[in-house]
Amino acid sequence: MDITLIDLPKITDPRGNLTFAEAAGHVPFDIKRAYWVYDVPAGESRGGHAHKRLQQLVVALSGSFHVTLDNGRERETVLLNHPWQGLLIKTNTWRTLDDFSSGAVCLVLASDHYEEDDYIYEYNDFLAYVGCSK
């Protein structure tokens with residue numbers, strides 16, 4: 001499975017650290033949308049879908065969580081727990097986010113605006129879309 005972790009600039013300072021991300025510099029797409037997920041109750045998961053065209057960079061701004069990526073043939077889980085590191089999620093990848101620590105904040109930078117028809121919500125439909133069978 002092709003997992004891409006992107007280290008973002010980390011400027012350390014005794015007053016506190018700073019990290020930033022710039023489109024076409026650190027993020028390999030133009031950022032059209034940003035959103036964040038927080039206050040996820042214990043035992044709950046987010047995601048559970050794939051995108052046909054959208055790419056995302058997922059960052060654990062605070063706390064930690066696991067991201068499981070699935071291309072229909074392989075599945076791999078990545079722990080995100082550094083606010084200077086982002087996980088690139090490419091098109092045609094099923095993703096599930098879970099095991100959120102208390103106070104975790106997940107930032108998502110997206111390559112496009114929200115479009116309902118870009119989502120695949122059923123795993124079997126995803127497998128058919130990427131040409132795999134269960």
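Predicted model only: the values in this text are computed from it and were never measured.
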**Prompt:** Could you give the distance from OG1 (Thr93) to CZ (Arg75), rounded to the nearest 0.5 Å?
**Reply:** 12.5 Å
**Asked** Between NE2 of His49 and CD1 of Ile120, what distance do you get to the nearest 0.5 Å?
**Response** 10.0 Å
**Request:** Provide the full list of ring-ring contact (aromatic ring centres under 6.0 Å, His included) pairs with a residue in residues 56-75, sequence neighbours left out, each pair given once.
**Result:** Phe65-Phe100
Mind listing the side-chain donor-acceptor pairs of residues 77-85 below 3.5 Å, one per line with the distance, residues two or more places apart or on another chain?
from, atom 1, to, atom 2, distance (Å)
Thr77, OG1, Thr68, OG1, 2.9
Gln85, NE2, Asp7, OD1, 3.1

**Prompt:** Taking ILVMFWY side chains as joined if any heavy atoms are under 4.5 angstrom apart, and letting links pass through other members, which residues group with Leu54?
**Reply:** none
**Asked** Just wondering, more than 12 heavy atoms not from Glu76 lying within 6.0 Å of its CD?
**Response** yes
**Asked** Under the salt bridge (Lys or Arg N to Asp or Glu O under 4.0 Å) rule, what pairs show up with a residue in residues 88-99, not counting sequence neighbours?
**Response** Asp2-Lys90
**Prompt:** Are side-chain N/O atoms of Gln56 and Tyr35 paired as donor and acceptor at under 3.5 Å?
**Reply:** yes
**Asked** Arg46: what forms a side-chain hydrogen bond (donor to acceptor under 3.5 Å, both in side chains) with it, not counting sequence neighbours?
**Response** none
**Message:** Show me the pairs that pass salt bridge (Lys or Arg N to Asp or Glu O under 4.0 Å) and involve residues 14-41, at least two apart or across chains.
**Reply:** Asp13-Arg15
**Item:** N/O donor-acceptor pair under 3.5 Å between Thr19 side chain and Pro9 backbone
**Value:** yes
**Prompt:** Hey, what do you get for CG (Asp112) to CG (Asp118), rounding to the nearest 0.5 Å?
**Reply:** 7.5 Å
**Asked** Rest of the hydrophobic cluster containing Trp36 (Ile/Leu/Val/Met/Phe/Trp/Tyr, side-chain heavy atoms under 4.5 Å)?
**Response** Ile6, Leu8, Val27, Phe29, Ile31, Tyr38, Leu57, Val59, Leu61, Leu88, Val105, Leu107, Leu109
**Complete:** Taking every heavy atom of Ser62 against every heavy atom of Gly103, the minimum-distance pair comes out as OG-O, 3.4 Å
**Listed once per pair and sorted, the ring-ring contact (aromatic ring centres under 6.0 Å, His included) pairs that draw on residues 3-27, sequence neighbours left out** = Phe20-His26
**Prompt:** When clusters are formed by joining ILVMFWY residues with side-chain heavy atoms under 4.5 Å apart, either directly or through shared neighbours, do Tyr114 and Val58 land in the same one?
**Reply:** no
**Request:** State, to 0.1 Å, how close Phe126 and Gly72 come at their nearest heavy-atom pair, and which atoms those are.
**Result:** CE2-N, 3.8 Å
**Request:** Apply side-chain contact (heavy atoms from CB on, under 4.5 Å) to Thr12 and list each qualifying residue two or more places apart in sequence or on a separate chain.
**Result:** Lys10, Asn17
**Item:** Residues that Arg73 engages under side-chain hydrogen bond (donor to acceptor under 3.5 Å, both in side chains), provided they are two or more places apart
**Value:** none
**Message:** Please determine whether side-chain contact (heavy atoms from CB on, under 4.5 Å) holds for the pair Leu69 and Leu87, giving the CA-CA distance in whole Å, both sets of side-chain angles, and the decisive distance to 0.1 Å.
**Reply:** CA-CA 10 Å; Leu69 302 178; Leu87 174 64; 4.1 Å; yes
**Request:** For Tyr119, enumerate each residue passing the side-chain hydrogen bond (donor to acceptor under 3.5 Å, both in side chains) test, keeping only those at least two apart in sequence or located in another chain.
**Result:** none
**Request:** Please examine the side chains of Leu97 and Val37, heavy atoms only from C-beta on, and report whether any two atoms are closer than 4.5 Å.
**Result:** no
**Message:** Under the rule for side-chain hydrogen bond (donor to acceptor under 3.5 Å, both in side chains), what residues qualify as partners of Asp117, not counting sequence neighbours?
**Reply:** Arg53
